[in-house]
Amino acid sequence: MDKKVSVIIPTFKRSNFLPRAIDSVLKQTYPNIEIIVVDDNAPDSVFRLETQEKMYKYKNNNKVLYIKNTKNLGGALARNQGIKKATGEYITFLDDDDIYLPEKINTQIEFMINIKLDMSFTNVRIHNAEDKLVDFREHKYVKSILNDDLLKQHLLHHLTPTSTYMYKKESLLDIGGFDDAKIGQEFMLMIKSIESGMKIGYTPHANIIQYLHDGERISVGHNKIEGEKELYTFKKRYFNLLSLSQRNYVRFRHHAVMMVVGKRSKKYSVLIKHLILALFASPKDFILEPINHIFKLKRFKKNKLEKKTSLQQ
């Protein structure tokens, strides 16, 4: 395979993590890549200076392109700047504080080319700041890749995050890239991809590590709370496509997310309010979701250990 893959890494106030992300892409087993780092820090800020210092390491690397925005655009529009500059036939994304495992690009592009896809998505591992696995997001509920079925699963579960996506560049350009949404930019991108009629596939590999840490985050505070409300209002437009139990699950999921946001934001009235609403939205899911999460994580750790053991033998 000689198709070039462009990896777009927007960065904002997290230059300390950025080299780790870039180096993980440079270590890919797939050789024909370019890395586009989009610096979304304000030009006169200390964060721009710190990022420039980190990028000096790559100034002679012809696989790394460094773009400096003239003002802060936000994650969605920063990624769009990278899309415009990309010369690869395929495009994928990475957050500046996360990493790819070495087989990520090779596995995903091989999958896409073999069955002629416009877009694909994968699983993802979640690690804490000590690099310990704390969560594993998979999409086992995806039984059909027909777009009508994917739309329902996306409304229910979110076929995300962005770092799991790979697109044919021309297909991504056809839908106009990311919308400048306050929150849920990756959710909206997948909605557009499905509704445009793209041929989309899912491969159950987990070659991305997404990190939880105490650095700059958008998953807390007033904007996150208001953004989640807007996203839930948007989803309700599609309720006519869902059964009663599915609508209840969407309600439960919204309140469960708001619980987490309340906890992270130290807004305990929000936490308590949405804990009660989540229980009433779907008592069954309120009980089963934490149990399923525990068993899913244990299963992944067991499979990972078995695979490691078999390789050593």
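- Each ring pair (Phe, Tyr, Trp, His ring centres under 6.0 Å) pair with one or both residues in residues 78-109, not counting sequence neighbours, appears once here: F93-F178.
- For the pairing with M198, the side-chain contact (heavy atoms from CB on, under 4.5 Å) check across I175, D174, L172 returns one residue only, I175.
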If you look only at distance, which donor and acceptor atoms sit under 3.5 Å apart when one is on a side chain in residues 269-279 and the other is two or more places apart or in another chain?
residue: H274; atom: ND1; partner: H255; partner atom: ND1; Å: 3.0

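- Among all heavy-atom pairs drawn from L26 and V64, the shortest one is CD2-CG2, 4.3 Å.
- The aromatic rings of H154 and H158 lie tilted to each other, with the angle between the two planes from 30° to 60°.
- Under a 4.5 Å side-chain heavy-atom criterion applied to ILVMFWY residues, the cluster that includes I99 comprises L101, I209, Y211 as well.
- The salt bridge (Lys or Arg N to Asp or Glu O under 4.0 Å) contacts involving residues 161-172 comprise K168-E170, where partners must be two or more places apart or lie in separate chains.
- Taking the side-chain hydrogen bond (donor to acceptor under 3.5 Å, both in side chains) definition, one finds that E34 meets it with S6, T87, sequence neighbours left out.
- With respect to the salt-bridge test (charged N to carboxylate O, under 4.0 angstrom), the residues D95 and R79 qualify.
- Every residue two or more places apart in sequence or in another chain that forms a side-chain contact (heavy atoms from CB on, under 4.5 Å) with K85 is listed here: I36, L65, I67.
- The main-chain N or O of L146 is found under 3.5 Å from a side-chain atom of S144 such that the two form a donor-acceptor pair.
- Residues passing the side-chain contact (heavy atoms from CB on, under 4.5 Å) test with D285, sequence neighbours excluded: Y249, F252, S282, E289.
- Residues A78 and N69 come closest through the heavy atom pair CB-ND2, 4.0 Å.
- Atom NZ of residue K263 and atom CE of residue M259 lie 9.0 Å apart, to the nearest 0.5 angstrom.
- Hydrophobic cluster membership is shared by V124 and I105, with clusters built from Ile, Leu, Val, Met, Phe, Trp and Tyr side chains linked at under 4.5 angstrom.
- Remark: K236 pairs with Y232, F239 by the side-chain contact (heavy atoms from CB on, under 4.5 Å) rule, at least two apart or across chains.
- Cluster annotation: L94 is connected to I126 through the hydrophobic network of ILVMFWY side chains, with a link wherever side-chain heavy atoms come within less than 4.5 Å.
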Legend entry - Check against salt bridge (Lys or Arg N to Asp or Glu O under 4.0 Å), K224 and E228: CA-CA 6 Å; K224 174 67 174 177; E228 285 295 338; 2.8 Å; yes
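- Q210 is not listed as a side-chain neighbour of H127, based on a closest heavy-atom distance of 4.5 Å or more.
- Remark: the N72 side chain and the D40 side chain contain an N/O donor-acceptor pair separated by less than 3.5 Å.
- In terms of heavy-atom proximity, M55 sits nearest to I22 at SD-CD1, 3.7 Å.
- Residues satisfying the side-chain hydrogen bond (donor to acceptor under 3.5 Å, both in side chains) criterion with N80, sequence neighbours excluded, are absent altogether.
- A side-chain N or O of H205 and one of T203 form a donor-acceptor pair less than 3.5 Å apart.
- Residues forming a side-chain hydrogen bond (donor to acceptor under 3.5 Å, both in side chains) with N16 (at least two apart in sequence, or on another chain): none.
- Considering only residues two or more places apart in sequence or on other chains, S171 meets the side-chain hydrogen bond (donor to acceptor under 3.5 Å, both in side chains) condition with D118.
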Inset, instruction - For ring-ring contact (aromatic ring centres under 6.0 Å, His included), just list the numbers for F121 and Y202, CA-CA rounded to whole Å, side-chain angles, deciding distance to a tenth of an Å, and then say yes or no. - result: CA-CA 5 Å; F121 60 99; Y202 162 57; 5.1 Å; yes
Inset, instruction - Determine, step by step, whether L151 and L241 satisfy the side chain to side chain contact (heavy atoms under 4.5 Å, CB included) criterion, reporting the C-alpha distance in whole Å, the side-chain angles of both residues, the deciding distance to 0.1 Å, and the verdict. - result: CA-CA 9 Å; L151 178 59; L241 303 177; 3.7 Å; yes
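- Ion pairing between a basic and an acidic side chain is recognised when a charged N comes within 4.0 Å of a carboxylate O; D149 and K143 show no such pairing.
- Contact check on K57 versus D23 returns a salt bridge, with a Lys/Arg side-chain nitrogen under 4.0 Å from an Asp/Glu carboxylate oxygen.
- When the side-chain contact (heavy atoms from CB on, under 4.5 Å) test is applied to Q52, the partners found at least two apart in sequence or on another chain are R48, L49, Y66, K68.
- Crowding of Y141 atom OH: a count of heavy atoms from other residues, nucleotides or ligands under 6.0 Å exceeding 12.
- Within the 3.5 Å criterion, the main-chain N or O of N41 finds no donor-acceptor partner in the side chain of S45.
- Annotation: side chain of F12 is not in contact with side chain of L73 (no heavy-atom distance under 4.5 Å).
- A donor-acceptor contact shorter than 3.5 Å links the side chain of N147 to the backbone of I194.
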